[in-house]
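Supplied in structure tokens, the structure appears directly below.
What you are looking at is a predicted structure, and each value in this text was computed from that prediction instead of being measured.
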Amino acid sequence: MRWDVVTWAAVALLLMAAETLAPGAFMLWMGFAAAAVFLGVLLVPGIPVLAQVAAFVVLSFVSIQVYRRWFRKTGRQSDQPLLNRRAAQAIGLVAPLDQAISGGRGRIKLGDAFWTVEGPDLPAGTPVRVVAVDGMVLKVQEA
């Protein structure tokens, strides 16, 4: 039994299995590199261990760069870009002021939540339109 062949096969399988526990494609591509070294030592017996490790390091680096350049989807577009941005979802909505805007700040109720608003001083009950967001503060103007 050739231990170098068995070792590289085990390393390849372990790295690919580890990817299921910590997804991110990093270990998967290192597993591909280990599989390539496995095939190399299987087909060409007598490769020194240092050369095997060096080949694994180089192939790991190259395979991760290949993944990063051609397979990783950067800037994926969502069909709901405002899903986790509740304040931004309010832009364009019209609601009456729950609390008058005095000194530039007031409050409105949207759905089941109260929001702090900033805008021109207006009395309670005045309909306002949300025109912008600054953190968790809605910028409004009279509708």
In plain terms, say whether Asp98 and Lys109 are close enough for a salt bridge, that is, a side-chain N and a carboxylate O under 4.0 Å apart. no
So do Arg68 and Phe26 actually touch side chain to side chain, heavy atoms under 4.5 Å? no
Do Asp4 and Val49 have side chains that get closer than 4.5 Å, going by heavy atoms?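 Counting from C-beta outward, Asp4 and Val49 never come under 4.5 Å.
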Is it true that Trp29 and Leu14 fall in one hydrophobic cluster, defined by side-chain heavy atoms closer than 4.5 Å? no
Under 3.5 Å donor-acceptor, Gln52 side chain and Ile47 backbone: yes
State yes or no: do Trp8 and Leu39 share one hydrophobic cluster built from I, L, V, M, F, W and Y residues joined by side-chain heavy-atom distances below 4.5 Å, directly or via other members? yes
I'd like to know if the side chain of Glu19 reaches the main chain of Met27, judged simply by a donor and an acceptor atom lying under 3.5 Å from each other, with no hydrogens or angles considered.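 Flag set: sc Glu19 to bb Met27 pair under 3.5 Å.
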Going through the distances and angles, do Leu110 and Leu138 end up as a side-chain contact (heavy atoms from CB on, under 4.5 Å)? CA-CA 11 Å; Leu110 294 175; Leu138 306 178; 3.8 Å; yes
Ala12 to Gly31 - nearest heavy-atom pair and separation: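 Nearest heavy atoms, Ala12 then Gly31: CB-O, 3.6 Å.
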Do the side chains of Arg107 and Leu97 get nearer than 4.5 Å, heavy atoms only?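 The answer is no, as the side chains (C-beta and beyond) never meet within the 4.5 Å cut-off.
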Give a yes or no on whether Phe114 atom CZ has more than 12 heavy-atom contacts from other residues, nucleotides or ligands under 6.0 Å away. yes
Do Leu122 and Val128 make a side-chain contact, defined as non-hydrogen atoms from C-beta onward lying under 4.5 Å apart? yes
One should read off an interatomic distance between Leu93 CG and Gln89 CD, to the nearest 0.5 angstrom, of 9.0 Å
Verify, without hydrogens or angle tests, whether Arg2 (side chain) and Val41 (backbone) share a donor-acceptor contact under 3.5 angstrom.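 Yes: the side chain of Arg2 pairs with the backbone of Val41.
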Applying the 4.5 Å side-chain criterion to the ILVMFWY set and letting contacts propagate, would Val62 and Tyr67 be lumped into a single cluster? yes
Quick check: is Ile108 connected to Val94 through a chain of hydrophobic side chains (ILVMFWY, heavy atoms under 4.5 Å apart)? no
Heavy-atom check, side chain of Ile101 versus side chain of Val117, under 4.5 Å: yes
To the nearest 0.5 Å, tell me how far Leu43 CG sits from Phe38 CZ. 8.5 Å
Output the distance between atom CE (Met136) and atom OG1 (Thr116), rounded to the nearest 0.5 Å. 9.0 Å
Is there a side-chain contact (heavy atoms from CB on, under 4.5 Å) between Ile91 and Arg129 once you walk through the steps? CA-CA 8 Å; Ile91 293 176; Arg129 179 181 312 278; over 6 Å; no
Could you state whether Val53 and Leu13 fall into the same hydrophobic cluster, counting links through intermediate Ile, Leu, Val, Met, Phe, Trp or Tyr residues with side-chain heavy atoms under 4.5 angstrom apart? no
Please walk me through it: do Glu118 and Val140 pass side-chain contact (heavy atoms from CB on, under 4.5 Å)? CA-CA 6 Å; Glu118 289 181 349; Val140 297; over 6 Å; no
Is the CG atom of Leu21 crowded by more than 12 outside heavy atoms at less than 6.0 Å? yes
Work out which heavy atom in Ala124 is nearest to a heavy atom in Ala100; give both atom names and the distance. N-CB, 3.5 Å
Flag, side chain of Ser60 to backbone of Phe56, donor-acceptor distance under 3.5 Å: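 Judged by distance alone, yes, a pair lies under 3.5 Å.
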For Met30 and Ile64: C-alpha separation, side-chain torsions, deciding distance, then whether side-chain contact (heavy atoms from CB on, under 4.5 Å) applies. CA-CA 7 Å; Met30 289 178 68; Ile64 290 170; 3.8 Å; yes
